[in-house]
Amino acid sequence: MRAGFHDFENEIFHICKLFFEEVEWADRPDGESGDAAAAELLIRAELTEHGSPPQVTAQVRLSLANGEAAAHKQETRPLPGGSEEERRRQRKRTLGAALLQALQEWTGMEQPWGILTGVRPMKLLHNMMMQEPMDVCRQMLRDEYLLSEEKVRLLSDIGELQLKVIPDLFRLDREVSLYIGIPFCPTKCAYCTFPAYDIRGNNGSVEAFLEGLHHEIRRTGEWLKESGLGLTTVYWGGGTPTSIEAGQMDALFETLHASIPGMDRVRELTVEAGRPDTITVDKIQVMKRWKVDRISINPQSFTQATLDTIGRHHTVKETVEKFLLCRELGMNNINMDLILGLPNEGIRELELSLRETERLMPESLTVHTLSFKRASRMTQNRDRYEVAERDEIQDMMRMTTEWTASHGYNPYYMYRQKNILGNQENVGYALPGFESLYNIVMMEERQTIIGLGCGAVSKIIGPDGAIERFPNPKEPSVYNNAYKEYTEKKLQLLDRIT
Ligand code: SF4
């Protein structure tokens with residue numbers, strides 16, 4: 001049997017994208033092999049199957065546009081006896097491995113994530129962990145996926161810690177978590193693609209939105225009572241949930257406690273208070289009264305010029321002041337987010353951010369790398385922003401890894417994004433005992449998440465592991481008109497898991 005280029009066009013495209021900004025398909029003959037142009041490079045790929053027990057061999061030849069040979073790699077792997085789907089995956093991995101090695105040789109660039117181009121490498125590890133001991137999983141990551149030793153260690157450390165923090169992580173199908181989306185912010189940041197609307201704007205009234213949210217909470221509570229499912233975590237995100245008034249937050253907590261069974265025993269309750277300019281004494285007091293375990297205050301950077309460029313509309317001084325205020329009022333589990341690679345930022349700015357973070361010592365620190373998402377204002381005006389080069393981003397990532405390790409933080413969840421600078425990842429670090437349970441179950445898709453409010457996406461994980469997504473409307477004006485209909489549709493879908 002011979003298979004080739006066309007069967008795995010997607011795989012080839014994504015691996016090429018690891019090396020080149022632009023990848024365009026050139027004309028190619030139909031059939032068993034084909035050509036793609038990545039920069040000035042032509043790629044010929046071919047798969048053949050042979051032998052008993054069966055094996056698959058991938059051949060990848062790279063040549064320059066003038067016909068000169070650039071690199072040639074061959075990879076042979078056994079073909080599993082299971083389903084056709086498993087065999088297809090093995091063909092894909094074999095071809096990916098040959099292509100990756102050829103491109104690494106030609107460009108001199110090493111790809112620490114090997115052939116893993118998806119956004120959730122931890123999910124892959126979890127699936128392995130359910131079948132094999134960790135040392136076998138590590139070997140598979142090295143041999144089959146060509147991960148660097150550094151990334152193998154990162155993934156396996158996280159996998160082990162997650163199981164320690166949530167011992168029933170692989171058996172959470174009789175519980176759900178709730179995500180509550182409040183779609184307002186004081187202003188919109190330039191890099192943002194979240195459902196976040198200027199709270200002073202005209203995109204549907206806040207009161208009408210809250211009315212819809214109260215309704216959704218009550219109906220979801222009725223459904224949860226009937227289903228008998230338990231509650232693992234509740235997470236308020238958005239937008240910035242603390243953009244609404246203290247009294248409005250208080251009323252939402254009251255409805256949550258009156259409607260949702262198990263609210264008083266929930267394992268973790270988080271409220272994102274990302275923008276320091278939204279934090280006030282009365283909102284902190286409301287959160288304390290309702291026993292919020294964890295909040296997030298997000299500096300993103302401690303360089304004022306950067307905050308101005310990205311439209312955060314708050315000062316560095318305000319971040320520090322609000323952090324200290326939260327501490328003073330008894331918030332003892334605070335997360336902070338930093339973003340690497342913001343415009344005009346390099347090692348020096350990161351050093352400043354880490355020095356400031358050291359003074360505050362939040363219980364957890366999430367380190368993102370800037371990603372150019374299609375819908376953000378920053379991407380639409382990409383030419384106007386100076387961002388760090390790949391090597392510098394890698395150095396910055398290394399600095400945060402070393403800094404967090406030397407300050408007692410452990411990595412406990414991670415994910416990757418498309419178009420992320422330097423093909424890096426986002427990593428959540430926490431001091432021991434302060435790992436966010438919601439981040440683990442949500443990011444690794446270990447249980448059903450019911451999304452309430454604007455832009456909230458419910459992820460319904462069926463008994464067979466298949467995931468169905470149900471997005472609520474992003475825009476408050478649409479949500480305000482249709483929340484009843486959306487709520488009922490979603491509850492019908494959720495009936496799958498009862
Ligand atoms: S604070 Fe967060 S959600 Fe709000 S606009 Fe900025 S990035 Fe988006």
Side-chain angles (χ1 to χ4, degrees), residues 179-204 206 209 213 235-245 248-249 270-280 283 294-316 318-319 322-323 326 334-343 345 353 362 364-381 385 387 415 417 419-421 426 428 436 438-439 442 451-457 471-476 479:
Y179 174 86
I180 297 173
I182 310 279
F184 302 109
C185 282
T187 53
K188 181 102 174 173
C189 307
Y191 56 88
C192 180
T193 52
F194 296 114
Y197 296 86
D198 189 327
I199 198 155
R200 302 156 308 175
N202 299 321
N203 202 309
V206 177
F209 162 72
L213 184 53
Y235 190 100
W236 291 41
T240 305
T242 40
S243 298
I244 60 173
E245 300 298 325
Q248 293 168 328
M249 289 178 72
T270 300
V271 174
E272 276 193 20
R275 289 276 289 257
D277 44 342
T278 62
I279 299 174
T280 59
K283 290 178 202 174
R294 181 174 178 272
I295 60 169
S296 214
I297 302 174
N298 300 330
Q300 315 300 18
S301 161
F302 281 89
T303 299
Q304 187 59 49
T306 308
L307 298 185
D308 297 341
T309 304
I310 62 176
R312 289 283 291 184
H313 288 265
H314 63 80
T315 60
V316 169
E318 199 168 12
T319 308
K322 294 298 173 65
F323 185 97
C326 290
I334 305 180
N335 173 72
M336 280 191 151
D337 279 8
L338 291 180
I339 302 179
L340 306 187
L342 283 169
E345 291 223 337
S353 288
S364 57
L365 182 70
T366 311
V367 181
H368 300 266
T369 310
L370 185 66
S371 137
F372 280 91
K373 295 181 201 159
R374 233 179 310 150
S376 75
R377 188 150 43 89
M378 192 173 276
T379 305
Q380 283 148 18
N381 301 296
Y385 297 97
V387 292
Y415 65 102
Q417 278 167 292
N419 301 324
I420 198 165
L421 279 182
N426 300 319
S436 162
Y438 174 82
N439 284 340
M442 185 277 295
L452 312 175
C454 257
V457 180
N472 274 4
K474 273 190 175 183
E475 290 195 25
Y479 176 87

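It should be emphasised that the depicted structure is a prediction, and the values quoted were computed from it without experimental measurement. Whatever order the structure lists ligands and atoms in, that order sets their numbers, starting from 1. Residue indices begin at 1 and follow the sequence shown.
- Selection from Lys188, Glu272, Arg312 by nearest heavy atom to atom 2 (Fe) of ligand 1 gives Arg312.
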Report task. Under the side chain to side chain contact (heavy atoms under 4.5 Å, CB included) rule, what do Ser436 and Asn335 come out as? Steps first, then yes or no, please. Result -> CA-CA 9 Å; Ser436 162; Asn335 173 72; over 6 Å; no
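- Atom CZ of Arg312 and atom CG of Asn298 lie 6.0 Å apart (nearest 0.5 Å).
- Those atoms of ligand 1 with a heavy atom of Arg275 less than 4.0 angstrom away are 1 (S), 6 (Fe).
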Requested in this report: Show your working on side chain to side chain contact (heavy atoms under 4.5 Å, CB included) between Met336 and Phe323 and close with a plain yes or no.
Outcome: CA-CA 10 Å; Met336 280 191 151; Phe323 185 97; 3.4 Å; yes
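- The two atoms that bring Pro276 and Ile297 nearest to each other are CG-CG2, 4.3 Å, heavy atoms only.
- Using a 4.0 Å cutoff on heavy atoms, Asn298 does not count as a contact of ligand 1.
- Proximity annotation for atom 3 (S) of ligand 1: of Pro241, Cys185, Pro195, Cys185 comes nearest, heavy atoms only.
- The distance from ligand 1 to the heavy atoms of Thr240 drops below 4.0 Å at these ligand atoms: 1 (S), 4 (Fe).
- Nearest protein heavy-atom contact of atom 6 (Fe) of ligand 1 is Cys189 SG, 2.3 Å.
- Between Pro183 and Phe209, the closest heavy-atom pair is CD-CZ, 3.4 Å.
- No donor-acceptor pair closer than 3.5 Å links the side chain of Thr366 to the backbone N or O of Gly428.
- Annotation for ligand 1: atoms under 4.0 Å from non-hydrogen atoms of Thr187 are 5 (S).
- Residues Leu370 and Gly341 come closest through the heavy atom pair CD2-O, 3.3 Å.
- Atom 8 (Fe) of ligand 1 has an N, O or S atom of Cys192 closer than 2.8 Å.
- Contact between Gly274 and ligand 1 is absent, with no heavy atom of the residue lying under 4.0 Å from the ligand.
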